[in-house]
Student: 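Please read through the structure below; I'll follow up with questions.
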Amino acid sequence: MITRLKLSFPALTHRNFRLFWLGQCISLIGTWMQNIGQAWLILKLTNSPFLLGFITTLQTLPVLFLALFAGVYVDRFPKRKLVIFTQIGLMIVAFTLSILTFSGKAQYWHIAITALILGALNSIDNPARQALMIELVGKDDLLNAIALNSSVFNLARIIGPAVAGILIGYLGIGLCFLLNGISYIAVITGLLLMDVKEKRQDSRTNATVIHDMTEGVKYVFKTPNIYVPMLLMLLINVFTMNFNVLVPVFTKIDLGMEASQYGTLMAAMGIGALTGALTLAATAGSEPKMGILFLGAAGLSLFQGILGMMHNYYLSMVFLALTGFFMITFTASCNSIIQINSEDYIRGRVMSFYTLVFSGMTTVGSMYAGTLSEHYGAGMTFLISGIIGFASAIIIYFWSKKKNIKVEEL
């Protein structure tokens with residue numbers, strides 16, 4: 001049994017990855033609890049889908065402006081130490097939100113300021129954490145590690161919202177923020193216990209930050225197996241991955257449900273995503289496939305469009321689960337394809353570009369989703385977004401084939 005597990009999940013044979021993974025198992029549950037608590041607090045204070053979307057915009061706006069600069073420093077400094085620094089900062093923000101909420105003094109502008117701080121920290125944390133992964137497991141086990149990390153993220157997506165929904169209903173929103181703050185202790189401890197060779201990745205020149213940043217951008221655009229996934233991620237992320245904005249609105253306004261049902265819907269999506277992540281981890285080889293990338297994007301878009309036509313709570317759970325399955329297939333494949341096709345000396349800058357596309361462009365997506373759902377409802381927004389995403393996947397697929405970029409037949 002143990003041998004079979006090692007064959008299916010080889011990333012877990014690496015001690016450093018096990019420490020990281022176990023820390024994430026705890027910390028990400030807290031993160032999802034905070035996400036649910038924050039969204040419900042905003043709706044409680046404002047009852048506005050637009051203002052909910054605006055907070056997501058503020059949380060990703062710093063990433064939009066800082067990610068490419070942060071990538072230069074990710075390549076210059078030890079990644080583990082950078083991640084420890086950012087995790088401590090994120091813990092402090094969570095405790096601050098808990099104090100404001102427990103005291104009854106939380107206001108919309110408080111959440112706006114903490115959202116900006118979270119965004120600034122994530123502009124460093126995301127590329128550093130992504131680039132650290134390959135140092136923990138190597139290239140051969142990278143896809144397995146990313147899929148396993150995605151499985152933890154989505155297990156947390158199941159547990160966190162479900163627990164948060166109960167806590168909000170019986171004990172208040174503040175406890176979601178407090179428990180998230182405490183959960184960061186696990187991941188910080190794991191990082192401190194790691195034995196990673198910490199060395200500067202790029203000491204070749206005394207080039208300026210602007211020079212190094214420009215070099216990273218040029219590298220992305222001259223490498224087809226990097227810029228094709230980046231382009232697809234850009235379009236899919238902006239138009240179809242706005243669940244933090246749309247699901248609470250869909251629950252509260254379109255379906256007329258409460259916080260506990262919101263948590264259950266998010267948990268259903270997490271079940272689908274967890275299933276997708278474990279399937280990918282157990283069945284994918286060491287080389288991620290471009291064909292799986294397009295399949296994931298098309299499936300995510302298709303089932304999201306169908307979800308938009310649902311008015312039944314239980315059917316909504318089913319289609320959110322299917323959406324989650326294909327979403328994680330898409331995102332894990334995209335991440336691993338980009339990392340494997342990046343050289344070591346520039347991976348931090350490439351992953352900062354990925355962070356810009358994956359997190360920074362959420363600014364645009366959340367404003368799009370918040371504005372459209374304000375006028376037409378979350379269901380119609382899901383439908384329109386699904387159509388746009390599906391069309392994008394098909395167009396880029398045939399464009400890639402025309403350019404002779406290798407896309408495996410499925």
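The structure presented is a predicted model; accordingly, all values stated were derived computationally and were not measured.
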Student: For Gln34 and Leu97, run side chain to side chain contact (heavy atoms under 4.5 Å, CB included): C-alpha distance rounded to whole Å, both residues' side-chain angles, the deciding distance at 0.1 Å, then the answer.
Tutor: CA-CA 9 Å; Gln34 176 162 310; Leu97 282 170; 3.9 Å; yes

Student: Above 12 or not: heavy atoms from other molecules or residues under 6.0 Å from OH of Tyr108?
Tutor: yes

Student: Restricting to non-hydrogen atoms, name the atom on Ser352 and the atom on Gly71 that form the minimum distance, rounded to 0.1 Å.
Tutor: CB-CA, 3.4 Å

Student: Side chain to side chain contact (heavy atoms under 4.5 Å, CB included) for Ser316 and Leu265? Distances and angles first, verdict last.
Tutor: CA-CA 8 Å; Ser316 298; Leu265 283 174; 4.1 Å; yes

Student: Kindly compute the distance separating CG (Asp75) from CZ (Arg347), expressed to the nearest 0.5 Å.
Tutor: 9.0 Å

Student: Does the side chain of Asp125 pick up a donor-acceptor pair with the side chain of Thr86 at under 3.5 Å?
Tutor: yes

Student: Apply the test ring pair (Phe, Tyr, Trp, His ring centres under 6.0 Å) to residues Phe221 and Tyr227: give CA-CA distance (whole Å), side-chain angles for both, the deciding distance (0.1 Å), then the verdict.
Tutor: CA-CA 6 Å; Phe221 284 104; Tyr227 71 68; 7.1 Å; no

Student: Working to the nearest 0.5 angstrom, can you tell me the gap between Leu307 CG and Thr323 OG1?
Tutor: 5.5 Å

Student: Show the nearest heavy-atom pair for residues Val357 and Met230, with the distance to one decimal.
Tutor: CG1-O, 3.6 Å

Student: Look only at the side chain of Ser27 and the backbone of Gly23, and say whether a donor-acceptor pair between them is shorter than 3.5 Å.
Tutor: no

Student: Nearest heavy-atom pair of Phe330 and Ile236: which atoms, and what distance?
Tutor: CE2-CG2, 3.7 Å

Student: Sub-3.5 Å donor-acceptor pair from the side chain of Arg349 to the main-chain atoms of Leu68, do we have one?
Tutor: no

Student: My understanding is that only one of Phe319, Phe243, Phe382 makes a ring-ring contact (aromatic ring centres under 6.0 Å, His included) with Phe250; could you say which?
Tutor: Phe382

Student: Which heavy atom of Val74 sits nearest to which heavy atom of Leu82, and what is that distance?
Tutor: CA-CD1, 3.8 Å

Student: In the structure I gave you, are the side-chain heavy atoms of Leu293 and Pro229 within less than 4.5 Å of one another anywhere?
Tutor: yes

Student: Please report the interatomic distance OG(Ser336) to CG(Asn341), rounded to the nearest 0.5 Å.
Tutor: 9.5 Å

Student: Looking at every heavy atom in both Met361 and Leu234, which two are closest together, and how far apart are they?
Tutor: CG-CD1, 3.5 Å

Student: With a 3.5 Å distance limit and no angle check, can you tell me whether Asn180 reaches the backbone of Cys176 through a side-chain donor-acceptor pair?
Tutor: no

Student: Taking the side chain as C-beta and beyond, is there a heavy-atom pair between Leu232 and Cys334 under 4.5 Å?
Tutor: no

Student: Would you please test Asn126 and Gln130 for side-chain hydrogen bond (donor to acceptor under 3.5 Å, both in side chains) and show each step?
Tutor: CA-CA 6 Å; Asn126 286 343; Gln130 298 288 349; 5.8 Å; no

Student: Look at the rings of Phe358 and Tyr354 and say which category their plane angle falls in: under 30° parallel, 30 to 60° tilted, over 60° perpendicular.
Tutor: parallel

Student: With a 4.5 Å cut-off on side-chain heavy atoms, are Gln59 and Gln38 touching?
Tutor: yes

Student: Taking side chain as C-beta onward, heavy atoms only, is Phe69 less than 4.5 Å from Ile210?
Tutor: yes

Student: Measure the spacing between CZ of Phe17 and CG of Leu19 and express it to the nearest 0.5 Å.
Tutor: 11.0 Å

Student: Backbone N or O of Lys105 within a donor-acceptor pair of the His110 side chain at under 3.5 Å?
Tutor: yes

Student: Just wondering, are more than 12 heavy atoms of other shown residues or ligands nearer than 6.0 Å to CZ in Phe85?
Tutor: no

Student: Keeping Ser373 on the side-chain end and Gly370 on the backbone end, is there a donor-acceptor pair under 3.5 Å?
Tutor: yes

Student: Show, in sequence, the C-alpha distance, side-chain angles and deciding distance for Phe294 and Ile394, and conclude whether the side chain to side chain contact (heavy atoms under 4.5 Å, CB included) test is met.
Tutor: CA-CA 8 Å; Phe294 285 104; Ile394 296 299; over 6 Å; no

Student: Is there a donor-acceptor contact under 3.5 Å from the side chain of Trp40 to the main chain of Ile173?
Tutor: no

Student: Applying side chain to side chain contact (heavy atoms under 4.5 Å, CB included) to Thr31 and Tyr184, what does each step give before you reach the verdict?
Tutor: CA-CA 9 Å; Thr31 298; Tyr184 280 107; 3.9 Å; yes

Student: Looking at Thr208 and His211, would you say the former's side chain and the latter's main chain have a donor-acceptor pair under 3.5 Å?
Tutor: yes

Student: If you take the centroid of each ring, where Trp contributes its six-membered ring, are Tyr368 and Phe239 closer together than 6.0 Å?
Tutor: yes

Student: Grab the two heavy atoms, one from Ser123 and one from Leu66, that are nearest each other, plus how far apart they are.
Tutor: OG-CB, 3.7 Å

Student: Hey, what do you get for CG (Leu45) to CD1 (Ile111), rounding to the nearest 0.5 Å?
Tutor: 5.5 Å

Student: Might you confirm whether atom OH of Tyr73 has over 12 heavy atoms from other residues, nucleotides or ligands at distances under 6.0 Å?
Tutor: no

Student: Would you say the side chain of Leu41 lies within less than 4.5 Å of the side chain of Phe177, judging by non-hydrogen atoms?
Tutor: yes

Student: Assess whether atom CZ of Phe326 is packed by more than 12 heavy atoms of other residues, nucleotides or ligands within 6.0 Å.
Tutor: yes

Student: Using 0.5 Å steps for rounding, measure from the CG atom of Leu118 to the CG atom of Leu121.
Tutor: 6.5 Å

Student: Using side-chain heavy atoms (C-beta onward) and a distance below 4.5 Å, is Met269 in contact with Met327?
Tutor: yes

Student: Quick check: do Val187 and Gln24 have side-chain heavy atoms less than 4.5 Å from each other?
Tutor: yes

Student: Would a 4.5 Å heavy-atom cut-off, applied to side chains only, mark Thr240 and Phe390 as touching?
Tutor: no

Student: We want to know whether Tyr219 and Ser342 form a side-chain donor-acceptor pair, criterion being a heavy-atom distance below 3.5 angstrom.
Tutor: no

